[in-house]
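Here the structure is laid out as structure tokens; the discussion comes afterwards.
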Amino acid sequence: MQVKFENDPTPSAATVTRPLLDWYDRHARDLPWRVSPADRRRGVLPDPYRVWLSEVMLQQTTVAAVKSYFAAFLARWPSVEALAAAPSEAVMGAWAGLGYYARARNLHACAKAVAAEHGGVFPNSAAGLKRLPGIGDYTSAAIAAIAFDEPVAVVDGNIERVVSRLFAIETPLPQSRPLIRHHVDALTPADRPGDFAQAMMDLGATICTPRRPACIVCPAQPVCTGRRAGIAERLPAKLPKRAKPQRRGAAFVAVRPADGAVWLRRRPAAGMLGGMAEPPSSAWSAKADGALGPAAAPFPGDWRRVGSVAHGFTHFDLELDVWRTETAATPAAEGWWSAPDQLGTVALPTLMRKAVTLALKDRKAST
DNA sequence: GAATCGTGGCT
DNA sequence: TAGCCAAGATT
């Protein structure tokens with residue numbers, strides 16, 4: 001007796017794409033940058049500026065973290081021309097805390113390019129979009145599909161996980177990427193490519209989650225090869241990561257007694273926290289050496305150690321010693337005094353904000 | 001192709 | 001807790 005085809009279906013446009021789009025019609029997440037499937041059926045497409053802004057913010061960043069930044073950017077810069085005309089310091093300041101600051105530099109460069117070279121109109125194809133700063137394989141495809149309904153394969157981390165499970169791909173990432181892309185190409189529909197991409201991402205974010213996927217309510221469960229094989233939860237396979245080294249550095253927070261202003265400077269445009277503000281800081285070395293004391297300060301002063309802050313970066317952990325001094329004299333160095341009421345909007349990355357906060361807390365406690 | 005580049009939340 | 005993870009791009 002032969003097994004009937006219906007009892008052993010395979011992931012395909014008929015068995016995955018259509019059920020998933022039906023599921024999306026009922027369960028799409030309501031997100032500030034999104035047009036609902038109902039409205040899209042009426043011909044409404046989202047503003048490419050909003051799609052682009054959200055996609056760049058969402059690179060390696062959670063929806064929850066992005067929401068307030070998206071609202072703030074949109075309120076302050078309602079169009080790509082407005083963003084293009086903004087000072088760099090304002091853009092970096094508004095991005096502060098969101099991380100991966102090259103994104104903010106590229107975001108601004110991209111806005112300027114669209115305004116100056118494209119008449120303020122985003123290219124309407126993935127190929128055109130990918131030529132712009134900060135827009136790579138994923139983001140170009142996502143904008144083209146979501147904002148223009150171009151039938152291109154969109155592959156992000158969610159979709160890599162969903163497809164790895166659907167097809168029981170045991171080859172670890174990133175080697176499995178070509179095969180995953182092949183499957184996404186075959187599943188992407190010509191009629192609703194934007195909704196399909198968003199549906200796959202919603203599925204990955206809410207049901208086909210990294211741990212403990214809710215297969216019982218998954219619209220693709222009947223055809224999921226990984227589920228059938230009992231290996232879905234441990235897919236996608238990934239290569240082991242290297243251990244994170246520990247580094248150490250020092251930050252020097254000078255405070256002006258008259259008004260409590262803090263002396264800040266701008267980091268070089270390239271590299272770690274590029275273009276962001278900081279109190280003068282040492283380099284971050286692999287081990288603590290003698291250079292971490294007041295001798296490493298950018299200018300002489302009555303430096304007192306007030307403690308340290310710990311911060312985890314992607315590829316190393318940092319312990320930053322924080323030193324504080326009071327000085328009325330403007331230092332003979334590059335930088336500026338930032339008054340207390342300005343500190344909230346200055347482009348301080350989280351690490352440096354921690355350091356400044358610790359120094360000011362110590363100052364308040366010691367007076 | 002591998003390394004670089006942040007941060008906050010979750011388990 | 002310590003590790004893992006999130007709508008990746010760039011060099």
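Per chain, numbering begins at 1; letters A, B, ... match sequence-line order.
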Ignoring hydrogens and angles, state whether a donor on the side chain of [X] or [Y] is under 3.5 Å from an acceptor on the partner side chain.
X	Y	result
A:Arg34	A:Gln198	yes
A:Asn106	A:Arg103	no
A:Glu55	A:Tyr138	yes

Could you check A:Ala102 against A:Arg211 and say which one's nearest nucleotide on DNA chain B is further toward the 5' end?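 Here A:Ala102 is the residue nearer the 5' end.
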
Anything under 4.0 Å to a heavy atom of chain A counts; send over the first and last such nucleotide of DNA chain B, read 5' to 3'.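 Using the under 4.0 Å cut-off, the span is B:dA3 to B:dG8.
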
Does A:Tyr49 have its ring centroid less than 6.0 Å away from the ring centroid of A:Trp33?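 No - the distance between ring centres of A:Tyr49 and A:Trp33 does not fall below the 6.0 Å cut-off.
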
Aromatic centroids of A:Phe313 and A:His315 separated by under 6.0 Å: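 Ring centroids of A:His315 and A:Phe313 are no less than 6.0 Å from each other.
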
Below 4.0 Å from chain A heavy atoms, what is the first contacting nucleotide of DNA chain C and what is the last?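 Result: C:dC5 to C:dT10.
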
Quick one: which residue pairs count as a salt bridge (charged side-chain N to carboxylate O under 4.0 Å, His left out) with a foot in residues 114-134 of chain A, not counting sequence neighbours?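 Passing the test, one end in residues 114-134 of chain A: A:Lys130-A:Asp137.
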
Run the side-chain hydrogen bond (donor to acceptor under 3.5 Å, both in side chains) test against A:Ser54 and tell me which residues pass, sequence neighbours left out.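 With neighbours one apart ignored, the set is empty.
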
Rounded to the nearest 0.5 Å, how far does CZ of A:Arg40 lie from CG of A:Leu45?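 Here the interatomic distance stands at 5.0 Å.
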
Contacts to DNA chain B from residues 347-356 of chain A, heavy-atom cutoff under 4.0 Å, which residues?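 Listed by number, they are A:Pro349, A:Thr350, A:Leu351.
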
Hey, quick one: are A:Leu343 and A:Leu273 part of the same hydrophobic cluster, counting side-chain heavy atoms closer than 4.5 Å, chains of contacts allowed?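 In one cluster with A:Leu343: A:Leu273, yes.
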
Does any residue of residues 128-162 of chain A have a heavy atom under 4.0 Å from DNA chain C, and if so, which ones, in number order?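 Correct list: A:Pro133, A:Gly134, A:Ile135, A:Gly136, A:Asp137, A:Tyr138, A:Thr139, A:Asp156, A:Gly157, A:Asn158, A:Arg161.
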
